[in-house]
Each structure stands twice: as C-alpha cells, then as structure tokens.
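All of these numbers come straight from a predicted model, not from anything done at the bench.
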Amino acid sequence: LIATAVLARRQQMPPRYDAIIVLGAGVWKHGHPSPALQRRIVRGVEAFREGAAPTLVMSGGLGRNPPIEADVMSRVAREMGVPDEAIVAERSARSTDENARYCAILMRERGWNRALIITDGWHLPRALMTFRAYGATVDGDSAGGGRAALGWDRWLRHVVREGFAYVLYACRLRLIGSSRLRRRVR
C-alpha cells in the first residue's frame with residue numbers, strides 16, 4: 001500500500017527533465033537488441049513511466065548490423081507501451097561523441113534545458129563528461145551492466161576499455177576546448 005502511494009505520488013509530480021536520452025549499444029543479427037541495448041531501453045522506459053520526462057529520445061545510428069539502433073530502440077519502447085508521440089529517434093550517432101553532439105543540437109532546437117542520460121554504469125562518466133562539454137545540462141542513470149550482469153571478466157574488460165576511452169576523451173575535449181565544442185551545436 002505504501003509503495004503504491006509513493007508510486008502514485010511520483011507519477012503526479014511534474015517531470016524533472018525535458019527528455020530522457022537512451023544511448024545505443026548495438027544491434028545483433030536479425031535486428032535484435034544486444035543485452036546492453038535491451039537493459040538501456042528497459043531503464044529508459046522505466047524512467048519514462050516514473051514521470052522523469054515526457055519525452056524518450058533513442059540515440060543511435062547504424063552499427064555493425066542493421067537496422068539503425070534508434071529504430072530498434074523505438075520499436076521495443078513502443079512494444080513496452082510508450083506512445084509514438086513520446087518517442088524521438090536520433091538516428092545518426094555512431095559514438096558517444098556523436099550521441100552528445102547530435103542530442104545537444106536536438107535539445108537546443110526543441111528548447112529543452114535538462115535531460116537524463118541512460119547508459120550502462122561503466123559508460124556513464126564518459127557520456128556525462130561529453131554531453132556537458134557540448135553544453136548540455138544532464139544527469140545520468142545507470143541501466144546496470146555491473147559484474148553481476150556481465151560476469152567478472154566481461155565487466156573488467158568494459159571497465160578497462162572505458163578507463164582508456166575516458167582519458168582519451170578528456171584529453172581530446174581539453175585540447176578542443178568547451179567553447180569550440182559548444183559552437184558546433186549552434
């Protein structure tokens with residue numbers, strides 16, 4: 001009873017964000033979402049149902065396997081009950097940098113001030129750093145992807161790879177400079 005009251009109260013509260021941005025993670029053969037992509041979609045839909053934002057942005061372009069990640073993500077979200085009018089597909093991004101740049105442009109064009117980024121926990125620090133470098137006001141929420149979900153060796157590979165990627169992105173963003181990056185989204 002208490003949980004129902006808390007959930008009902010949460011759904012009545014005004015949204016904290018203008019949009020929830022779910023980052024792509026790969027499509028497997030025959031158009032099936034990878035486990036990471038499925039986790040991210042599910043967490044994005046949960047945040048939408050919790051009333052975090054009225055819009056769900058699916059960000060991801062064509063990866064190794066067709067179709068486009070954002071199309072697969074949108075289809076799964078619709079199958080989970082999200083109405084078409086609440087879904088926006090950003091269909092071009094093929095990297096974290098492009099997710100951030102294209103979504104920052106989308107936010108500016110639509111007059112959105114704040115967004116919630118959904119990705120795996122090990123990817124979240126780099127994603128937030130990159131979105132903020134493009135001038136987007138964002139917070140993050142983990143879709144999981146921890147040791148329990150991935151197993152020790154796969155999780156460790158992701159964390160080590162992401163550690164290197166974080167350092168490379170930080171150096172690149174520092175060299176380019178935030179003011180130049182922000183001009184790219186205007």
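- With sequence neighbours excluded, the residues satisfying side chain to side chain donor-acceptor pair (under 3.5 Å) with R78 are D84.
- Nearest approach of A104 to A136, heavy atoms of both residues: CB-CB, 4.5 Å.
- Going from atom CD of E162 over to atom CG of L168 covers 10.5 Å, rounded to the nearest 0.5 Å.
- Across every non-hydrogen atom of G140 and L116, the tightest pair is C-CD1, 3.8 Å.
- A continuous path of Ile, Leu, Val, Met, Phe, Trp and Tyr side chains, each step under 4.5 Å between heavy atoms, connects M73 with I118, placing both in one hydrophobic cluster.
- Annotation: the span from T130 atom OG1 to Y169 atom OH amounts to 6.0 Å, rounded to 0.5 Å.
- L56 and G44 get closest at one heavy-atom pair: CD1-O, 3.6 Å.
- In this view, Q38 satisfies the side chain to side chain donor-acceptor pair (under 3.5 Å) rule with no residue, not counting sequence neighbours.
- A chain of hydrophobic side-chain contacts below 4.5 Å, direct or via other Ile, Leu, Val, Met, Phe, Trp or Tyr residues, connects Y17 to V82.
- Under the 4.5 Å side-chain contact rule for hydrophobic residues, L128 and V167 do not share a cluster.
- Pairing each heavy atom of A36 with each of A25, the nearest pair is CB-CB, 3.9 Å.
- Using a 4.5 Å heavy-atom threshold, the side chains of L37 and V27 count as touching.
- Note on V45 and V22: same hydrophobic cluster, where clusters join Ile, Leu, Val, Met, Phe, Trp and Tyr whose side-chain heavy atoms are under 4.5 Å apart, directly or indirectly.
- Atom CZ of residue R39 and atom CG of residue D120 lie 4.5 Å apart, to the nearest 0.5 angstrom.
- Considering all non-hydrogen atoms of both residues, A77 and I41 come closest at N-CG2, 4.2 Å.
- Residue Y102 shares its hydrophobic cluster (ILVMFWY side chains chained together at separations under 4.5 Å) with no other residue.
- The shortest side-chain heavy-atom distance between M80 and R49 falls under the 4.5 Å cut-off.
- Using a 4.5 Å heavy-atom threshold, the side chains of M107 and D18 count as separate.
- In this structure, CD1 on I87 lies 8.0 Å from CZ on F48, to the nearest 0.5 angstrom.
- Under the 3.5 Å distance criterion, the side-chain polar atoms of R94 are left unmatched by any main-chain donor or acceptor of G63.
- For D141, the side chain to side chain donor-acceptor pair (under 3.5 Å) partners are R43, not counting sequence neighbours.
- Separation of atoms CD1 (I20) and CE (M58) is listed at 9.0 Å; rounding is to 0.5 Å.
- Rounding to the nearest 0.5 angstrom, the gap separating the CD1 atom in I117 from the CD1 atom in I21 is 4.0 Å.
- Every pair passing side-chain hydrogen bond (donor to acceptor under 3.5 Å, both in side chains) that includes a residue from residues 57-74 is listed here, sequence neighbours excluded: S59-E90, S59-N99, D71-R91.
- When hydrophobic clusters are built by joining Ile, Leu, Val, Met, Phe, Trp and Tyr residues whose side-chain heavy atoms come closer than 4.5 Å, directly or via intermediates, Y166 is not grouped with L124.
- Taking both residues in full, the closest heavy atoms of Y134 and A100 are given as CD1-CB, 3.7 Å, listed atom of the first, atom of the second, then distance.
- Residue pairs that meet the salt bridge (charged side-chain N to carboxylate O under 4.0 Å, His left out) test with at least one member in residues 107-117, sequence neighbours left out, are R114-D139.
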